[in-house]
A.B. asks: 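Submitted below is the structure of interest, expressed as structure tokens.
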Amino acid sequence: LRLNPENVGRLPPEVARLGYDRDAQACGVLHLGLGAFHRAHQAVYCDDAMSAGDRNWAITGVSLRSPAVRDELAPQGGLYTVTERGGGGEQTRLIGAITRTLVAPEDPRTVVQAIAAASVQVVTLTVTEKGYYAGPGGGLDGAAPPVAADLAATEAPQTIHGYLAAALADRRAAGAPGLTVISCDNLADNGELLGGLLGEFLERRDPSLALWTRDHCRFPSTMVDRIVPAPTAEDRRHIADQLGMQDDAAVVTEPFRQWAIQDNFAGPRPRWEAGGAQIVADVRAYETAKLRMLNGAHSALAYLGLFKGYEFVDQAIGDPAIRALVDRLMRDEAAASLRPAAGQNLGAYADALLTRFANPALHHALSQIAMDGSVKIPQRWLTTLKVQQKSGRRCPAILEALAAWIRYVRGDRFEVRDPMADRLAGLWRANGEAGIVAALFGAGGLFADHWRATPEDQAALAEAVAAIGQQR
Ligand code: CS2
């Protein structure tokens, strides 16, 4: 038996049901990047908005690459369950917000039309850090082959910029209103970044559309937070047992969730406050705290934990040496680099994060966090290092974690999934252990635009890289 609109009535009574008539809702939101995070985060907020009586905020979900999620969701009519696991056991609810699923490479024109649909007011994105194509200097990486292809051709886009450009052109031609486009990825100033990169793309392809977009669209920044591990086969089996039917799109997550959105909208938007979202004048203080503390700690747990032989976050944070390091990284280095907003308590935030990391029911794989480090560590670690360096302070905990990352990307101990994997392995081959630190963080190094290590920090990094090489 498989979860779908026909047999949804046969779910056990403990599973919380939808509070709205799903068939009566138009798609007001279009989402790009249909991973587990979206299904456990923005989709839940849309579901809450509609359950609270706000209408027509169903989601058209688009996978930009793989058909996998569509193949899980479509046979279920878009229905799936979210299970929250914390200290107090398990709670499952049904989510119905996603009513249509598309796979971009299968039918690019339909995706463009879906974004251009008059009912759509809001586009949300979870396309991961690498999906934005920011170059080393912060501008659009026009040399990246998919961006270059989208700059040259308008049919069959490959990037978010290509899709948004094509859809915005259609909206302008149809006299449709502009869009609020919301980045929900872990990047600093994500709204400004997206608006800037897309603006650059449009300037190069269609300057008049760049102007129209500036006048008609908005790109609010957001802080999104919920730990959502990639669901395992074991999770799916367990959920199927609980539901008495199969749910191939089920997600398992922590009870905690947070969404702070800059109050900067082009038109109507869902009443996400119904799900607890905060609409605020400025999200920056919350966003940078989250990136440098939560995500910074996560990446440290990932690389240090993997080298110590751990598989999951709760195991790594249970290691006294790693826990002490992560504690220092969050409080003495990351928090100390921030200027908190009124009422923002970074000490309490660090306490709460340690508890969340220790959740033993989540099985959050370190290898999942270790992915794409080259596009994560700049906003998670390197900004902190740079800010602290300006005040003459060193960050031994981050340096230790950074050394683990440097060793990791050599590629001989773990499978490195990273857009720069080949380049980083090549740098290792060309420079060896003696030269890799300078090649990355010395003058003219690959990441020197983000942070340039002093000779003292380079020596500390080199020593730590060598020590990790000796482990196990
Ligand atoms: C994690 C994040 O995979 C990663 O890199 O650090 O996905 C993290 O779990 C979320 O940002 C939590 O909100």
Side-chain angles (χ1 to χ4, degrees), residues 33-45 82 84-86 124-132 182-188 190 221-232 251-261 275-278 283 286-306 311-314 316-317 322 326 329-330 334 349-350 352-359 361-384 398 401-402 404-405 408-409 414 416-419:
L34 209 42
F37 184 74
H38 169 68
R39 274 142 50 217
H41 194 275
Q42 301 92 42
V44 173
Y45 285 89
V82 170
E84 298 180 357
R85 277 188 191 156
T124 49
L125 299 92
T126 52
V127 296
T128 80
E129 295 85 346
K130 60 181 180 286
Y132 291 80
I182 310 182
S183 163
C184 301
D185 285 292
N186 290 317
L187 288 155
N190 51 11
S221 281
T222 59
M223 185 269 245
V224 291
D225 190 8
R226 188 167 221 187
I227 295 173
V228 189
T232 62
V251 277
V252 173
T253 182
E254 61 178 343
F256 181 90
R257 63 178 146 114
Q258 191 179 3
W259 195 8
I261 311 161
Q278 300 146 273
V283 297
Y286 294 91
E287 194 183 7
T288 46
K290 194 241 165 181
L291 286 170
R292 294 184 205 169
M293 293 176 70
L294 188 160
N295 297 113
H298 250 176
S299 291
L301 287 162
Y303 303 114
L304 293 165
L306 286 168
E311 198 181 342
F312 299 114
V313 170
D314 63 301
I317 200 70
I322 295 183
V326 163
L329 182 152
M330 287 201 288
Y349 187 51
L353 291 175
L354 289 170
T355 306
R356 289 170 64 195
F357 296 155
N359 184 339
L362 274 185
H363 313 303
H364 192 193
L366 298 171
S367 60
Q368 185 185 346
I369 301 170
M371 231 173 87
D372 294 343
S374 67
V375 279
K376 289 175 174 174
I377 63 161
Q379 59 278 7
R380 296 180 180 205
W381 294 341
L382 304 183
T383 317
T384 305
I398 295 183
L402 187 58
W405 174 75
Y408 181 89
V409 298
F414 303 95
V416 180
R417 290 178 291 165
D418 191 300

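Computed from heavy atoms alone, side chains included, the values below leave out hydrogens, waters and symmetry copies. Just follow the structure's listing: the first ligand is 1, and inside any ligand the first atom is 1.
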A.B. asks: Just to be sure I read this right, does ligand 1 sit under 4.0 Å from the backbone of Arg380, its side chain, both, or neither, counting only heavy atoms?
C.D. replies: side chain
A.B. asks: List every atom of ligand 1 that sits less than 4.0 Å from any heavy atom of Lys376, numbering the atoms from 1 in the order shown and giving each element.
C.D. replies: 3 (O), 4 (C), 5 (O)
A.B. asks: Measure the spacing between SG of Cys184 and CG of Asn190 and express it to the nearest 0.5 Å.
C.D. replies: 7.5 Å
A.B. asks: Is it true that a side-chain atom of His363 and a backbone atom of Ala230 form a donor plus acceptor pair closer than 3.5 Å?
C.D. replies: no
A.B. asks: Backbone N or O of Arg257 within a donor-acceptor pair of the Asp225 side chain at under 3.5 Å?
C.D. replies: no
A.B. asks: Can you tell me if Met371 contacts ligand 1 (heavy atom of the residue under 4.0 Å from the ligand)?
C.D. replies: no
A.B. asks: Just to verify, what does Lys130 make a salt bridge (Lys or Arg N to Asp or Glu O under 4.0 Å) with, not counting sequence neighbours?
C.D. replies: Asp372
A.B. asks: For atom 1 (C) of ligand 1, what's the nearest protein heavy-atom neighbour? Residue, atom name and distance, please.
C.D. replies: His298 ND1, 3.4 Å
A.B. asks: Could you tell me the separation between the CD atom of Gln278 and the CE atom of Met223, rounded to the nearest 0.5 Å?
C.D. replies: 7.5 Å
A.B. asks: Show which atoms of ligand 1 fall inside a sub-4.0 Å distance from at least one heavy-atom site of His364.
C.D. replies: 9 (O)
A.B. asks: Please state which protein non-hydrogen atom is closest to atom 13 (O) of ligand 1 and give its distance, to 0.1 Å?
C.D. replies: Asp225 OD1, 2.6 Å
A.B. asks: Atom 2 (C) of ligand 1: which protein heavy atom is closest, and how many Å away?
C.D. replies: Asn295 ND2, 3.6 Å
A.B. asks: Pull out every atom of ligand 1 sitting under 4.0 Å from any heavy atom of Lys290, numbered as shown with elements.
C.D. replies: 10 (C), 11 (O), 12 (C), 13 (O)
A.B. asks: Here's one to test your reading of the geometry: is the NZ or CZ of Arg356 within 45 degrees of the ring axis of Phe256 and under 6.0 Å from its centre?
C.D. replies: yes
A.B. asks: Measure the distance from atom 7 (O) of ligand 1 to every protein heavy atom, then report the residue, atom name and distance (to 0.1 Å) of the closest one.
C.D. replies: Asn186 ND2, 4.2 Å
A.B. asks: Who pairs with Tyr132 by ring-ring contact (aromatic ring centres under 6.0 Å, His included), at least two apart in sequence or on another chain?
C.D. replies: none
